[in-house]
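The structure under discussion appears below in the form of structure tokens.
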Amino acid sequence: MQALTKTPLVVEAGQGKKMNVIGNQVTLRLTSQETGGEYYVFEAVTPPGVGVPPHVHQHEDEIIEVIEGEYEFLLGDEMYRVTSGALVYFPRFIPHAFKNVGARPGLTHWTVIPGANFEKFFAELGSLPADGPPDLGKVAEIFARYDIELLPPPEA
């Protein structure tokens, strides 16, 4: 039997590195270093009208719990409208997107598996200027570096 090499810890409410990731106010709760690269956990406060465009991951699965707010999630070809308490699963290779469609900021809790690649991806996205809309060309370059393909928006 292999010995556990991870260190247990408690992350109190409000603790964690804060960053802006394409309009979402993210708080890192567990880094991939703390989990041995196995997963990455963060919270995101998303303003009304903000989200992430359709894309496909080649390496990561994502599990999202909606804590507060109202969101639309694209999963494959289906659009879902969800509210507080919903759990959403984005497996790798499946096109997905999300947007806060409510009138107030929403709060979501995310787990990304595995976490090592995603943490580097977020660090690059978080280094973009946060004083205006994101530069979609730079966002696309960062996505491509991490084998995440941006897709055209779904037809209305």
Side-chain angles (χ1 to χ4, degrees), residues 5-69 71-76 80 82 86-102 104-153:
T5 58
K6 299 172 203 141
T7 303
L9 61 102
V10 173
V11 181
E12 296 288 348
Q15 285 186 324
K17 179 181 177 185
K18 304 210 184 312
M19 58 177 35
N20 183 297
V21 178
I22 48 179
N24 297 276
Q25 298 304 312
V26 170
T27 302
L28 306 184
R29 306 291 284 154
L30 286 174
T31 67
S32 62
Q33 180 179 3
E34 293 164 336
T35 67
E38 292 180 12
Y39 47 93
Y40 182 67
V41 178
F42 63 93
E43 293 175 350
V45 175
T46 305
V50 173
V52 174
H55 60 283
V56 176
H57 296 261
Q58 299 301 308
H59 305 289
E60 298 88 16
D61 295 341
E62 296 172 289
I63 301 167
I64 301 93
E65 183 177 7
V66 176
I67 306 299
E68 297 174 3
Y71 290 82
E72 281 186 350
F73 285 93
L74 173 69
L75 295 170
Y80 298 88
V82 301
L87 188 72
V88 183
Y89 174 50
F90 299 161
R92 65 193 80 186
F93 310 122
I94 302 297
H96 59 278
F98 79 92
K99 182 177 183 179
N100 177 350
V101 294
R104 305 170 90 164
L107 175 64
T108 48
H109 182 264
W110 297 67
T111 302
V112 181
I113 307 160
N117 195 46
F118 206 81
E119 185 161 0
K120 295 172 192 167
F121 168 66
F122 255 32
E124 283 198 47
L125 286 175
S127 71
L128 294 174
D131 56 354
D135 178 331
L136 294 182
K138 289 182 180 177
V139 169
E141 288 174 16
I142 294 169
F143 271 61
R145 264 196 295 283
Y146 292 91
D147 296 326
I148 301 170
E149 179 186 2
L150 279 173
L151 304 171

ring-ring contact (aromatic ring centres under 6.0 Å, His included) with Phe121: which residues, sequence neighbours excluded?
Phe118, Phe143, Tyr146
What are the two closest non-hydrogen atoms of Val50 and Ile22, and how far apart are they?
CG1-O, 4.0 Å
Has Gln33 got more than 12 heavy atoms of other residues, nucleotides or ligands less than 6.0 Å from its CD?
no
Residue pair His96 / Leu75: nearest heavy atoms and the distance that separates them
CB-CD2, 4.2 Å
Can you pull the salt bridge (charged side-chain N to carboxylate O under 4.0 Å, His left out) pairs that have at least one residue in residues 120-137, sequence neighbours excluded?
Glu124-Arg145
Which residues satisfy the salt bridge (charged side-chain N to carboxylate O under 4.0 Å, His left out) test with Glu43, sequence neighbours excluded?
Arg29
Should the pair Tyr40 and Phe42 be assigned to parallel (<30°), tilted (30 to 60°) or perpendicular (>60°) ring geometry?
tilted
Between His57 and Phe93, is the side chain to side chain contact (heavy atoms under 4.5 Å, CB included) condition met? List the steps.
CA-CA 6 Å; His57 296 261; Phe93 310 122; over 6 Å; no
Pairing residues for Asp61 by the salt bridge (charged side-chain N to carboxylate O under 4.0 Å, His left out) criterion, not counting sequence neighbours:
Arg92
For residues Leu107 and Tyr71, report the shortest heavy-atom separation together with the two atoms involved.
N-OH, 3.3 Å
Quick check: closest heavy atoms across Thr35 and Tyr39, and the distance to 0.1 Å?
OG1-O, 2.5 Å
Do Ile142 and Leu128 pass the side chain to side chain contact (heavy atoms under 4.5 Å, CB included) test, and can you show the C-alpha distance, the side-chain angles, and the key distance before you say yes or no?
CA-CA 10 Å; Ile142 294 169; Leu128 294 174; 4.0 Å; yes
Sequence neighbours excluded, the answer for side chain to side chain donor-acceptor pair (under 3.5 Å) partners of Thr31 is Glu34
Gap separating the CE atom of Met19 from the CG atom of Leu125, nearest 0.5 angstrom
9.0 Å
Distance (rounded to the nearest 0.5 Å) between Leu150 CG and His55 NE2
7.5 Å
Can you sort out the partners of Glu149 under side chain to side chain contact (heavy atoms under 4.5 Å, CB included), two or more places apart, ordered by chain and number?
Leu151
Within the 4.5 Å heavy-atom criterion, are Leu9 and Leu30 side-chain neighbours or not?
yes
Taking only residues two or more places apart in sequence or in another chain, which ones pass side chain to side chain donor-acceptor pair (under 3.5 Å) with Ser32?
Glu119
For Pro152 and Pro54, which heavy atoms make the closest approach, and how far apart are they?
O-CG, 3.8 Å
Can you confirm if the aromatic rings of Phe98 and Phe90 lie within a centre distance of less than 6.0 Å?
no
Residue list, side chain to side chain donor-acceptor pair (under 3.5 Å) with Asn24, at least two apart or on another chain
Thr46
Candidate pair Val112 and Phe122, rule side chain to side chain contact (heavy atoms under 4.5 Å, CB included), full reasoning
CA-CA 11 Å; Val112 181; Phe122 255 32; over 6 Å; no
Val41 side chain near His109 side chain, heavy-atom distance below 4.5 Å:
yes
Got a sec, which residues hit side chain to side chain contact (heavy atoms under 4.5 Å, CB included) with Lys18, two or more places apart in sequence or on another chain?
Thr27
Sequence neighbours left out, what passes salt bridge (charged side-chain N to carboxylate O under 4.0 Å, His left out) with Arg104? Give chain and number order.
none
Measuring from Ile63:CD1 to Thr108:OG1, what's the distance to the nearest 0.5 Å?
13.5 Å
Glu65: what forms a salt bridge (charged side-chain N to carboxylate O under 4.0 Å, His left out) with it, not counting sequence neighbours?
none
Measure across Pro105 and Val45 and return the closest heavy-atom pair with its distance rounded to 0.1 Å.
CB-CG1, 4.0 Å
Could you go through Glu62 and Val88, starting from their C-alpha distance and side-chain angles, then the distance that decides it, and tell me whether this counts as side chain to side chain contact (heavy atoms under 4.5 Å, CB included)?
CA-CA 8 Å; Glu62 296 172 289; Val88 183; over 6 Å; no
What residues, two or more places apart in sequence or in another chain, satisfy side chain to side chain donor-acceptor pair (under 3.5 Å) together with His59?
Asp147
